[in-house]
Amino acid sequence: MNRLSKLAIFLVIAMGAFFSSCSTEEPHIVCGREWNPALQLVADTTSEFELINPMIVQFRYGTGFDFPTLKIAFYEGTAANKGKEIWKYETKVNEKVSVYTLQGHSKRGGLMTAAEMTRHHAPGQIVIEATTGDRLLAVKEITLIKNKQ
């Protein structure tokens, strides 16, 4: 390999490292029907669930959590017109973690259904919020629909 090729490869690697360090993932909530255990990520992401669909909720922060507690709350309505709180889950977190996942086992086996996860057993709009203290970190709107069967 000649000197010019080595320099070009070095520049490409340096630029890649620079741009990857500049980009940080914005905090967001992902909801989906499937779980990829190898990657520890929600797969098959969507914003519309049949009441009987499996549902997993994952909050992704991008960097290590820089706050001590995380609260994930479910509300009726939309982000613009939020209704009453259905339920919430609060947990302690630390800087070693940048992703938090809510999933559970259904009474019928397998993952919790959308109706079980949201604790809302009728079609409608649901808002999921991730907060710490008084700071809103991320919001996700989902729609629950009747079973198509």
Side-chain angles (χ1 to χ4, degrees), residues 10-149:
F10 174 75
L11 286 174
V12 168
I13 291 171
M15 287 175 44
F18 174 74
F19 287 118
S20 68
S21 66
C22 291
S23 64
T24 58
E25 185 178 17
E26 288 293 317
H28 63 285
I29 298 171
V30 179
C31 298
R33 296 181 184 104
E34 295 178 19
W35 176 248
N36 184 330
L39 299 175
Q40 298 288 300
L41 292 175
V42 175
D44 186 27
T45 59
T46 185
S47 293
E48 184 176 279
F49 292 86
E50 290 181 31
L51 293 168
I52 61 169
N53 285 146
M55 183 176 175
I56 304 159
V57 176
Q58 189 171 63
F59 171 66
R60 298 180 187 165
Y61 194 61
T63 61
F65 292 152
D66 55 0
F67 44 87
T69 59
L70 172 67
K71 180 176 109 177
I72 298 178
F74 293 76
Y75 299 90
E76 292 179 347
T78 63
N81 191 16
K82 186 169 65 173
K84 72 173 187 160
E85 182 179 279
I86 302 169
W87 77 281
K88 66 182 174 195
Y89 181 78
E90 193 165 350
T91 187
K92 291 183 180 189
V93 295
N94 62 51
E95 66 278 351
K96 295 178 184 176
V97 180
S98 62
V99 175
Y100 191 83
T101 306
L102 278 179
Q103 65 178 340
H105 295 287
S106 175
K107 295 174 185 174
R108 298 179 185 105
L111 293 172
M112 277 187 164
T113 65
E116 291 170 325
M117 176 63 76
T118 61
R119 297 183 186 167
H120 196 266
H121 300 282
Q125 297 289 118
I126 302 290
V127 176
I128 305 169
E129 285 186 349
T131 59
T132 182
D134 293 337
R135 190 171 88 177
L136 179 64
L137 301 170
V139 176
K140 174 78 174 181
E141 291 183 28
I142 62 169
T143 304
L144 300 178
I145 60 173
K146 288 184 180 182
N147 305 330
K148 296 178 182 176
Q149 297 176 344

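Not measured: the values here are computed from a predicted model. Note that the numbering runs from 1 along the sequence shown for the chain.
To the nearest 0.5 angstrom, Tyr75 atom OH is 4.5 Å from Glu85 atom CD. With rounding to the nearest 0.5 angstrom, the CZ atom of Phe74 is 5.0 Å from the CH2 atom of Trp87. Between the OG1 atom in Thr91 and the CZ atom in Phe65 there is a gap of 9.5 Å [rounded to 0.5 Å]. In this structure, Met112 CE and Met117 CE are separated by 6.0 Å, a value rounded to the nearest 0.5 Å. Once rounded to the nearest 0.5 Å, the distance linking CD1 of Ile142 with CD of Gln125 reads 9.0 Å. Residue Arg33 holds its CZ atom at 12.5 Å from CG of Leu111, rounded to the nearest 0.5 Å.
A pairwise comparison of heavy atoms in Ile29 and Ala130 identifies CD1-N, 3.8 Å as the closest pair. In terms of heavy atoms, Thr101 sits closest to Ile56 at CG2-CG2, 3.6 Å. Closest non-hydrogen pair, Val127 versus Ala79, comes out as CG2-N, 3.4 Å. When all heavy atoms are compared, the tightest approach of Glu50 to Asn53 is N-OD1, 2.6 Å. The shortest non-hydrogen separation linking Phe59 to Ala138 is CE1-CB, 3.9 Å.
Proximity of Pro54 to Glu34: side-chain heavy atoms (C-beta onward) are nowhere separated by under 4.5 Å. Residues Cys31 and Met55 meet the side-chain proximity criterion, which asks for heavy atoms closer than 4.5 Å. For the pair Asn94/Lys92, no side-chain contact is recorded, criterion being any heavy-atom separation below 4.5 Å from C-beta on.
Between the side chain of Thr113 and the backbone N or O of Glu116, at least one donor-acceptor pair lies under 3.5 Å.
By the neighbour-count criterion of 12 heavy atoms within 6.0 Å, atom CZ of Arg108 is sparsely surrounded, having that number or fewer from other residues, nucleotides or ligands.
With sequence neighbours excluded, the residues satisfying side chain to side chain contact (heavy atoms under 4.5 Å, CB included) with Pro123 are Leu51, Lys146.
Using cut-offs of 30° and 60° on the angle between ring planes, the pair Tyr61 and Phe67 is perpendicular.
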